[in-house]
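Right, I'll just put the structure down here and ask away after.
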2 protein chains.
Amino acid sequence: MKHDTVELLKAHGINPSSQRVRIYDYLVASKDHPSVDDIFLALQKEGHLFSRATVYNTVKLFLEKHLIRPVKVASNEMRFDASHSFHGHFRCEACDKIFDIPIEELSLDGATEHQIQETNVSFSGICAECLKKGKDD
Amino acid sequence: MKHDTVELLKAHGINPSSQRVRIYDYLVASKDHPSVDDIFLALQKEGHLFSRATVYNTVKLFLEKHLIRPVKVASNEMRFDASHSFHGHFRCEACDKIFDIPIEELSLDGATEHQIQETNVSFSGICAECLKKGKDD
DNA sequence: ATCATTGCAAACACTTTGCATACGC
DNA sequence: GCGTATGCAAAGTGTTTGCAATGAT
């Protein structure tokens with residue numbers, strides 16, 4: 001059980017139970033913005049058998065505490081971003097993988113009337129790998 | 001039944017049935033990116049009683065034919081954009097309304113390896129109106 | 001012993017699908 | 001009449017919730 005994570009969760013007002021720590025660590029370690037089911041299956045395979053409900057409740061808690069952010073790129077499932085750096089996301093329509101895309105902060109022209117709390121930039125198309133393989137076209 | 005719409009649907013290879021024309025017109029006329037249920041309820045109220053399934057099937061068809069684009073800002077429901085101009089979306093967490101936000105095209109630094117087909121920029125927070133009302137804070 | 005977290009299963013919300021009916025050419 | 005679009009209801013998928021059991025201090 002990673003101490004850094006324990007401290008981080010505490011700092012955000014989250015009781016660092018072992019499941020929560022594992023879920024957070026998994027989110028940070030995986031670069032591909034796993035879905036709830038991905039998290040559940042991966043941690044279940046590791047032998048930490050807990051329920052999907054726990055994963056849902058945990059990510060919901062993390063979201064509320066602003067420890068992670070939702071990735072709005074796939075329409076159906078929730079996906080998450082544990083990184084706090086500003087970047088965009090690219091989702092491949094063929095293999096359904098999600099990549100981080102470096103982008104510059106964007107400057108708004110006429111949105112200042114609203115109080116913006118979150119910004120989300122996403123792209124979709126065919127990733128380099130699938131283009132080579134010609135999986136789609 | 002609007003002729004422009006009929007022609008537009010035909011041009012996209014879509015058989016312009018009366019429901020499809022109405023749904024498309026409703027999408028274009030409404031500036032707030034209605035959900036499937038919004039569309040269904042509005043057109044039902046107008047007396048065009050059809051089923052949710054028809055709305056779902058129709059918007060799915062429109063999406064496939066690239067007549068409309070999905071708006072990725074609300075996690076739960078599908079929302080649509082019939083406009084083809086480049087702009088972002090702002091979703092108010094308090095009143096759940098979606099506003100169009102003018103933004104400049106963004107320049108990518110390192111994403112050129114992938115074939116980008118769609119770009120989506122969205123913001124969330126509290127809209128000007130809700131800020132005034134103090135619905136949230 | 002108390003309080004929070006977990007797991008299960010049921011409920012829920014949104015979307016898709018199968019099939020019979022109705023419509024348009 | 002034939003092919004397609006529609007409507008209904010049922011099934012499917014992803015998410016949330018209620019409650020009992022477990023775990024931590």
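Order of the sequence lines sets the chain letters (A, B, ...), proteins ahead of strands, with each chain counted from 1.
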Quiz item: Pairs in or reaching into residues 52-65 of chain A: which pass side-chain hydrogen bond (donor to acceptor under 3.5 Å, both in side chains), with residues at least two apart or in two chains?
Solution: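 side-chain hydrogen bond (donor to acceptor under 3.5 Å, both in side chains) check on residues 52-65 of chain A returns A:Asp37-A:Arg52, A:Ser51-A:Thr54.
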
Exercise. Rounded off to whole Å, could you give me the NZ-to-P distance for the B:Lys65 and D:dA5 pair?
Key: 10 Å

Self-check item: Residues that B:Glu7 engages under side-chain contact (heavy atoms from CB on, under 4.5 Å), provided they are two or more places apart
Solution: B:Lys10

Quiz item: Should we say atom CD of B:Glu129 is surrounded by more than 12 heavy atoms from elsewhere, each under 6.0 Å from it?
Solution: no

Quiz item: Under 4.0 Å between a side-chain N/O of B:Ser17 and OP1 or OP2 of D:dT4, yes or no?
Solution: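 Answer is no, no contact under 4.0 Å.
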
Exercise. Find the distance B:Phe50:CZ to C:dA22:C1' and express it as a whole number of Å.
Key: 15 Å

Practice problem: Could you state the atom-to-atom distance from CZ of B:Arg52 to P of D:dA10 in whole Å? | Solution: 15 Å

Quiz item: Just checking, is any N or O donor in the side chain of B:Asp25 or B:Thr5 under 3.5 Å from an acceptor N or O on the other one?
Solution: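 A pair is found: one side chain offers a donor N or O, the other an acceptor, under 3.5 Å apart.
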
Self-check item: With A:Lys31 via side-chain contact (heavy atoms from CB on, under 4.5 Å) - residues at least two apart
Solution: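 Per chain and number, A:Lys31 pairs via side-chain contact (heavy atoms from CB on, under 4.5 Å) with no residue.
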
Quiz prompt | Ion pair B:Arg91/B:Asp96, N-O distance below 4.0 Å | solution =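 Salt bridge: yes.
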
Quiz item: What residues form a ring-ring contact (aromatic ring centres under 6.0 Å, His included) with B:Phe99, not counting sequence neighbours?
Solution: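 Per chain and number, B:Phe99 pairs via ring-ring contact (aromatic ring centres under 6.0 Å, His included) with A:His114.
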
Quiz prompt | All ring-ring contact (aromatic ring centres under 6.0 Å, His included) counterparts of A:Tyr26, not counting sequence neighbours | solution = none

Practice problem: Can you sort out the partners of B:Phe50 under ring-ring contact (aromatic ring centres under 6.0 Å, His included), two or more places apart, ordered by chain and number? | Solution: none

Exercise. Tell me which residues in residues 7-14 of chain B put a heavy atom below 4.0 Å from DNA chain D, sorted by number, or none.
Key: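 Close to the strand, none.
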
Quiz prompt | Distance in angstrom units between B:Phe40 CZ and C:dC14 C1', rounded | solution =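 Distance, rounded to whole Å: 14 Å.
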
Quiz item: For B:Arg20 and D:dA5, is the shortest distance between a side-chain N/O and OP1 or OP2 below 4.0 Å?
Solution: yes

Self-check item: Strand contacts (DNA chain D) in residues 54-63 of chain A, 4.0 angstrom heavy-atom criterion
Solution: A:Tyr56, A:Asn57, A:Lys60

Enumerate the protein-to-nucleotides 23-25 of chain C contacts in which both atoms are nitrogen or oxygen and the separation is below 3.5 Å.
none

Quiz item: Hey, does B:Phe123 have a side-chain heavy atom less than 4.5 Å from the side chain of B:Val73?
Solution: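 When only atoms from C-beta onward are counted, B:Phe123 and B:Val73 do not touch, as no gap falls below 4.5 Å.
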
Quiz prompt | Donor on one side chain, acceptor on other, A:Glu46 and A:Gln44, under 3.5 Å | solution =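 Per modelled atom types, A:Glu46 and A:Gln44 side chains form no pair under 3.5 Å.
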
Quiz item: Of the nucleotides C:dT15, C:dT5, D:dT6, which has the atom closest to the A:Asn15 side chain?
Solution: C:dT5

Quiz item: How close or far is atom P of D:dT15 from atom CD of A:Glu77, stated in whole angstroms?
Solution: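 Computing the A:Glu77:CD to D:dT15:P distance gives 6 Å.
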
Might you list the N or O atoms of the protein lying below 3.5 Å from N or O atoms in nucleotides 23-25 of chain D, with each pair's distance?
none

Practice problem: Nearest whole angstrom, please: distance from the C1' of D:dG12 to the CG of A:Asp37. | Solution: 14 Å

Quiz prompt | Residues which pass side chain to side chain donor-acceptor pair (under 3.5 Å) with A:Arg79, listed by chain and number, not counting sequence neighbours | solution =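 Result, side chain to side chain donor-acceptor pair (under 3.5 Å) vs A:Arg79: A:Glu77.
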
Exercise. For A:Arg79 and D:dG14, give me the distance from atom CZ to atom P, rounded to whole Å.
Key: 10 Å

Quiz prompt | Residues which pass ring-ring contact (aromatic ring centres under 6.0 Å, His included) with B:His33, listed by chain and number, not counting sequence neighbours | solution =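 ring-ring contact (aromatic ring centres under 6.0 Å, His included) check on B:His33 returns B:His89.
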
Quiz item: side-chain contact (heavy atoms from CB on, under 4.5 Å) between A:Val21 and A:Val6: does it pass, once the steps are laid out?
Solution: CA-CA 7 Å; A:Val21 171; A:Val6 169; 4.0 Å; yes

Quiz prompt | Spacing of A:Ile39 atom CD1 relative to C:dT6 atom P, expressed in whole Å | solution =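 For the pair A:Ile39 CD1 and C:dT6 P, the rounded distance is 14 Å.
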
